Enquirer: 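After the structure tokens below, expect a handful of questions from me.
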Amino acid sequence: MEISTILMLFAFCCGASFVQRVSGFGFGIFVMTMFPHIMPSYGEATALSGLLSMALAAYVVFRMRKYAAFKKHIPLLITFFIVSYFSIEYVSGLDDKFLKQILGGVLIFASIYFFCISDKIKLKPSLPVQISMGTLSGVMGGIFAMPGPPAVLYYTASEQTKERYLAGIQVYFLISNIMMAAFRFKAGFVTSAVGYAWCIGIVGVVLGAFVGAKVFKRIPNKILRKVVYAYMAVSGVIALIG
């Protein structure tokens, strides 16, 4: 990698880690606007995003373990496990340019959804809801390395405090990314290029998580999320026309 690419990788990982540590999600959304352009293939970009997100989630879960309730996540994760497996298998047979265009559409839709609709929809943490959200997350996680949006909707509806929400969503990200890492390894997406990029990106992840932890209780989450949603929309347009 060129020096400029290394610096860009570090900066994006740092920013994505900061956003997820403060708001609970956004790592995949943030980095997948850049990873497909610097990695040899789209599949390797998703693998890198998932492995870095897994490391970040493991750190947060350890720090907030007293708020985590692991048994509550079983139906959601079982559904995710099944759907993400087939989604990752599907990715290997698609054209990278086509996937980037689909990614652009997903980013635009997700940004509009979170801006306009998410606050108006209320979900009960029932079994049908968990299965539905697990299915959507499996598709988005397997194809786009973005399992977050459906899961965020579920956890914001089912957890009563900010701490329990953050711990819950990070447990979900940790376990789901472990699953997807195994699937992507089997599909041949975990390569030496991914390993090299991970060694660079993890430094940015650590720094972003450290700073994010400091401001978790101070920054208004609503403002930060609006910035993330706007960034999603702009990135989606860039992916569509790029």
Side-chain angles (χ1 to χ4, degrees), residues 13 15-32 49-81 83-84 110-111 113-114 117-119 121-127 129-142 144-181 205 208-209 212-213 215-217 219-229 232:
C13 288
S17 179
F18 171 82
V19 168
Q20 181 148 319
R21 181 62 182 87
V22 175
S23 68
F25 77 108
F27 188 91
I29 293 169
F30 203 105
V31 299
M32 282 302 288
S49 173
L51 289 170
L52 289 168
S53 179
M54 180 176 69
L56 172 61
Y59 165 76
V60 179
V61 169
F62 176 76
R63 293 296 300 269
M64 305 191 71
R65 57 191 180 277
K66 69 178 181 179
Y67 298 107
F70 290 90
K71 292 183 179 179
K72 293 174 61 176
H73 312 285
I74 292 176
L76 187 72
L77 287 165
I78 290 175
T79 307
F80 178 91
F81 177 86
V83 175
S84 64
S111 65
Y113 165 77
F114 278 113
I117 304 174
S118 62
D119 291 338
I121 295 179
K122 303 299 180 183
L123 293 177
K124 294 181 179 180
S126 62
L127 182 60
V129 168
Q130 287 199 38
I131 292 174
S132 299
M133 295 299 101
T135 299
L136 290 173
S137 291
V139 171
M140 291 190 67
F144 306 116
M146 294 181 191
V152 167
L153 179 60
Y154 170 73
Y155 283 106
T156 52
S158 63
E159 300 296 351
Q160 301 301 315
T161 67
K162 183 168 68 173
E163 289 76 15
R164 290 193 177 277
Y165 155 73
L166 185 63
I169 194 77
Q170 297 310 308
V171 167
Y172 169 80
F173 282 137
L174 173 60
I175 298 176
S176 62
N177 275 302
I178 289 173
M179 293 178 185
M180 288 190 292
V205 167
V215 301
F216 176 63
K217 295 182 180 180
I219 190 170
N221 276 356
K222 190 173 183 179
I223 293 176
L224 179 64
R225 291 184 183 186
K226 294 295 183 183
V227 173
V228 173
Y229 306 154
M232 287 166 57

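In this text the structure is predicted, and so the values were computed from the model without any measurement.
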Enquirer: For Phe27, which residues count as a ring pair (Phe, Tyr, Trp, His ring centres under 6.0 Å) partner, sequence neighbours excluded?
Expert: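 None.
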Enquirer: So which atom in Ala16 and which in Phe30 form the shortest heavy-atom distance, rounded to 0.1 Å?
Expert: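 Taking Ala16 first and Phe30 second, the nearest heavy atoms are CB-CB, 3.6 Å.
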Enquirer: Search all heavy atoms of Met54 against all heavy atoms of Leu174 and return the closest pair with its distance.
Expert: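 Heavy atoms of Met54 and Leu174 come nearest at O-CD1, 3.7 Å.
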Enquirer: I'd like to know if the side chain of Ser17 and the backbone of Cys13 have a donor-acceptor N/O pair within less than 3.5 Å.
Expert: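 No, because the side chain of Ser17 does not come within donor-acceptor range (under 3.5 Å) of the backbone of Cys13.
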Enquirer: For the atom pair CD1 (Ile169) and CD (Gln20), what is the distance rounded to the nearest 0.5 Å?
Expert: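 It comes to 8.0 Å.
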Enquirer: Determine yes or no for a side-chain-to-main-chain donor-acceptor pair under 3.5 angstrom, with Arg65 supplying the side chain and Phe62 the backbone.
Expert: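 Here the side-chain-to-backbone pair exists.
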Enquirer: Between Leu51 and Ala181, what is the shortest heavy-atom contact and its length?
Expert: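 Heavy-atom minimum between the residues: CD2-CB, 3.8 Å.
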Enquirer: With the side chain counted from C-beta on, respond yes when Met133 and Val129 share a heavy-atom pair under 4.5 Å apart, and no when they do not.
Expert: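 Side-chain contact under 4.5 Å: yes.
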Enquirer: Would a distance-only check, ignoring hydrogens and angles, find a side-chain to backbone donor-acceptor pair under 3.5 Å from Ser53 to Ser49?
Expert: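 It does not hold such a pair.
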Enquirer: Report the distance from atom CD1 of Ile74 to atom OG1 of Thr79, rounding to the nearest 0.5 Å.
Expert: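 Taking CD1 in Ile74 and OG1 in Thr79, the distance rounds to 11.5 Å.
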Enquirer: Restricting to non-hydrogen atoms, name the atom on Ala167 and the atom on Met64 that form the minimum distance, rounded to 0.1 Å.
Expert: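 For Ala167 and Met64, the tightest heavy-atom pair comes out as CB-O, 3.8 Å.
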Enquirer: Rounded to the nearest 0.5 Å, how far does CG of Leu127 lie from CG of Leu76?
Expert: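 Answer for the CG-CG pair, Leu76 versus Leu127, is 10.5 Å.
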Enquirer: Considering all heavy atoms of both residues, which atom of Ala209 and which atom of Leu56 are nearest to each other, and what is their separation?
Expert: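 Smallest interatomic distance, heavy atoms only, reads CB-CD1, 3.7 Å.
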Enquirer: Roughly how far, to the nearest 0.5 Å, is the CZ atom of Phe173 from the CD1 atom of Ile178?
Expert: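 With rounding to 0.5 Å, CD1 (Ile178) is 13.5 Å from CZ (Phe173).
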Enquirer: To the nearest 0.5 Å, how far apart are CE in Met140 and CZ in Phe80?
Expert: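 The CZ atom of Phe80 is 11.0 Å from CE of Met140, to the nearest 0.5 Å.
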Enquirer: Counting C-beta onward and ignoring hydrogens, is there a side-chain heavy-atom pair between Met179 and Leu77 closer than 4.5 Å?
Expert: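 Yes. Closest side-chain heavy atoms under 4.5 Å.
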Enquirer: Are Tyr59 and Gln170 packed together at the side-chain level, in the sense that at least one heavy-atom pair is separated by less than 4.5 angstrom?
Expert: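 Side chain of Tyr59 against side chain of Gln170, heavy atoms only: no contact under 4.5 Å found.
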